[in-house]
Amino acid sequence: MLNLRQKPCILVTGGAGFIGSHTVCELLDHDYDVVMIDDFYNAKPEVLDAIRTITKKDFVFEEGDCADRDFMDRIFREHTIDAVIHFAGYKAVGESVAKPLMYYRNNLDTTLTLLETMKKHGCHNLVFSSSATVYAYSEKMPLYESNPLGTTNPYGETKRMIERILTDVSHADPEDSFICLRYFNPVGAHPSGLIGEDPNGIPNNLMPFIVKVATGKIAKLRVFGNDYDTPDGTGMRDYIHVVDLAKAHLLALNYAFKRTGIDYINVGTGNGTSVLEMVESFRRVNHVDVPYEIVGRRPGDLAKVWADTSYAKKTLGFTAEKTIDDMCRDAYNYGVKHMK
Ligand code: UFG
């Protein structure tokens with residue numbers, strides 16, 4: 001719950017990252033005070049000025065690691081933090097399989113230190129960046145929040161473990177108000193083209209890969225399998241525009257301020273789009289070619305994944321508004337300007 005002052009102050013961990021930066025823009029646009037933490041492990045310092053240019057507002061930035069107790073303690077001593085949005089964490093599935101200890105150490109340590117510091121300073125409101133990856137395999141779509149959980153890689157397991165930690169912590173303290181947002185596939189970029197997704201090296205995910213192909217940096221897209229049980233045989237996912245996703249965080253914050261307890265909420269559009277549908281939309285909207293070849297399935301991939309979105313609508317009043325065309329247009333606009 002919130003002791004109402006004029007402007008709530010929100011601590012955003014990992015705020016310079018892809019989803020964090022878009023969420024900070026939404027917070028500033030809605031007159032929240034923002035304290036951002038990032039260690040630039042997977043983000044660039046230029047993002048800070050890009051956010052200031054987009055919003056014409058300023059915020060506090062502190063460079064550091066959320067697992068550093070003294071650093072975190074100082075942040076909470078120097079600012080009256082009303083709520084935290086916790087994005088900080090490693091997020092590459094393949095890397096997590098190769099370096100599991102690094103993932104468990106980092107993602108759990110940062111969250112535990114954050115939670116201990118919040119307790120020490122009497123901050124009870126938290127929105128956590130979880131993922132649809134926490135769900136166990138299911139033949140049937142959509143995925144409901146009540147579906148069984150089960151993960152297949154260390155990255156996903158850190159998300160599931162953190163959800164469990166938050167559950168136990170919130171059960172022990174009746175003042176805690178936590179929300180785990182289970183993202184489906186965030187893509188796109190800010191319409192200004194100033195912030196977006198710029199992964200290091202060769203992208204793992206479909207949209208940044210398409211952008212690299214469309215901008216001539218990679219020769220062709222490899223479509224991982226066209227023999228799935230889907231209308232065109234390629235994998236289907238629930239892509240959500242990052243600006244819609246950022247708006248869901250604001251609604252989640254407002255919800256967290258009004259009640260106590262813990263909720264787990266899907267954030268998607270509720271629609272599945274295939275790889276070839278995405279390629280087609282990208283070509284049509286941006287008037288560029290996206291050469292591709294069909295190759296074998298990627299190990300661990302599922303045929304289809306999409307969300308049931310009724311709980312997000314009921315609890316948060318959230319409905320995604322942007323289309324696949326919007327996602328393709330904005331991702332390309334950012335990629336042309338920024339991707340190396
Ligand atoms: N795909 C290709 N070629 C590529 C990349 C992807 O054909 O070069 C296909 C995949 O096979 C899949 C679809 O595009 O059918 C989407 O793949 P992504 O890698 O973009 O996304 P995933 O659904 O595999 O993974 C995403 C996040 C993970 C998260 C997972 C489950 O990247 O962090 O959703 O929520 F764990």
Side-chain angles (χ1 to χ4, degrees), residues 14 17-19 42 87 89-97 103 107 129-138 141-143 145 147 149-163 180-188 197 199-214 217-242 245 264-269 271-282 290-307 324 327-328 331:
F18 176 44
I19 305 169
N42 197 16
F87 292 106
Y90 296 158
K91 61 172 189 179
V93 174
E95 186 184 47
S96 80
V97 174
Y103 269 67
N107 290 4
S129 157
S130 189
S131 165
T133 196
V134 298
Y135 290 115
Y137 172 74
S138 168
M141 289 299 130
L143 293 169
E145 285 84 355
N147 267 48
L149 303 187
T151 59
T152 52
N153 58 73
Y155 157 74
E157 186 58 21
T158 65
K159 293 291 181 191
R160 199 189 65 82
M161 288 170 84
I162 292 169
E163 284 201 357
C180 300
L181 293 181
R182 293 176 177 165
Y183 312 151
F184 280 67
N185 290 57
V187 296
E197 187 175 19
N200 295 327
I202 297 172
N204 297 310
N205 297 117
L206 180 64
M207 184 63 99
F209 206 105
I210 291 178
V211 174
K212 289 245 176 185
V213 173
K217 296 185 179 79
I218 297 179
K220 55 182 146 174
L221 170 71
R222 292 182 306 147
V223 175
F224 296 135
N226 66 349
D227 56 353
Y228 286 107
D229 180 20
T230 61
D232 64 19
T234 63
M236 296 175 78
R237 295 290 182 276
D238 186 341
Y239 299 95
I240 177 165
H241 196 294
V242 64
L245 181 55
Y264 321 89
I265 305 177
N266 287 343
V267 191
T269 64
N271 304 312
T273 301
S274 76
V275 176
L276 292 183
E277 283 170 335
M278 186 64 99
V279 168
E280 189 40 46
S281 177
F282 198 97
V290 182
Y292 69 83
E293 63 176 332
I294 309 285
V295 299
R297 292 182 179 192
R298 184 170 65 176
D301 269 357
L302 304 175
K304 358 180 194 187
V305 181
W306 59 86
I324 291 287
M327 302 176 207
C328 291

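Just follow the structure's listing: the first ligand is 1, and inside any ligand the first atom is 1. We number each residue from 1, following the sequence as shown. When reading the values below, keep in mind they use all heavy atoms of this one structure, side chains included, and skip hydrogens, waters and symmetry mates. Note that the coordinates shown come from a computational prediction; the quantities given were computed from them, not determined experimentally.
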Q: Name all residues meeting the side-chain hydrogen bond (donor to acceptor under 3.5 Å, both in side chains) criterion together with Tyr155; count only those two or more places apart in sequence or in a different chain, and write none if there are none.
A: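 For Tyr155, no residue satisfies side-chain hydrogen bond (donor to acceptor under 3.5 Å, both in side chains) once neighbours in sequence are set aside.
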Keeping the roles fixed (side chain from [X], backbone from [Y]), state whether a donor-acceptor pair exists under 3.5 Å.
X: Asn107; Y: Tyr90; value: yes
X: Lys159; Y: Ser129; value: yes
X: Tyr239; Y: Gly188; value: no

Q) Asp238 and Thr269: side-chain donor and acceptor closer than 3.5 Å? A)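 There is such a pair (donor and acceptor under 3.5 Å, judged by atom type) between the side chains of Asp238 and Thr269.
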Q. So, for Lys212 and Pro203, which heavy atoms are closest and what is the spacing to 0.1 Å?
A.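 Minimum heavy-atom contact is CG-CG, 3.9 Å.
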Tabulating one pair per line, provide the atom names and distances (0.1 Å) for every N/O atom of ligand 1 that is less than 3.5 Å from a protein N/O atom.
{"unit_1": "ligand 1", "atom_1": "3 (N)", "unit_2": "Arg222", "atom_2": "O", "d": "2.7"}
{"unit_1": "ligand 1", "atom_1": "7 (O)", "unit_2": "Arg222", "atom_2": "O", "d": "3.4"}
{"unit_1": "ligand 1", "atom_1": "7 (O)", "unit_2": "Phe224", "atom_2": "N", "d": "2.9"}
{"unit_1": "ligand 1", "atom_1": "11 (O)", "unit_2": "Asp301", "atom_2": "OD2", "d": "2.5"}
{"unit_1": "ligand 1", "atom_1": "17 (O)", "unit_2": "Arg298", "atom_2": "NH2", "d": "3.4"}
{"unit_1": "ligand 1", "atom_1": "19 (O)", "unit_2": "Asn205", "atom_2": "ND2", "d": "3.0"}
{"unit_1": "ligand 1", "atom_1": "19 (O)", "unit_2": "Arg298", "atom_2": "NH1", "d": "3.4"}
{"unit_1": "ligand 1", "atom_1": "19 (O)", "unit_2": "Arg298", "atom_2": "NH2", "d": "2.8"}
{"unit_1": "ligand 1", "atom_1": "20 (O)", "unit_2": "Asn205", "atom_2": "ND2", "d": "3.4"}
{"unit_1": "ligand 1", "atom_1": "20 (O)", "unit_2": "Leu206", "atom_2": "N", "d": "2.8"}
{"unit_1": "ligand 1", "atom_1": "21 (O)", "unit_2": "Asn185", "atom_2": "ND2", "d": "3.1"}
{"unit_1": "ligand 1", "atom_1": "23 (O)", "unit_2": "Asn185", "atom_2": "ND2", "d": "3.0"}
{"unit_1": "ligand 1", "atom_1": "23 (O)", "unit_2": "Arg237", "atom_2": "NE", "d": "2.7"}
{"unit_1": "ligand 1", "atom_1": "24 (O)", "unit_2": "Arg298", "atom_2": "NH2", "d": "3.0"}
{"unit_1": "ligand 1", "atom_1": "32 (O)", "unit_2": "Asn205", "atom_2": "ND2", "d": "2.6"}
{"unit_1": "ligand 1", "atom_1": "35 (O)", "unit_2": "Ser131", "atom_2": "OG", "d": "3.4"}
{"unit_1": "ligand 1", "atom_1": "35 (O)", "unit_2": "Thr133", "atom_2": "N", "d": "3.3"}

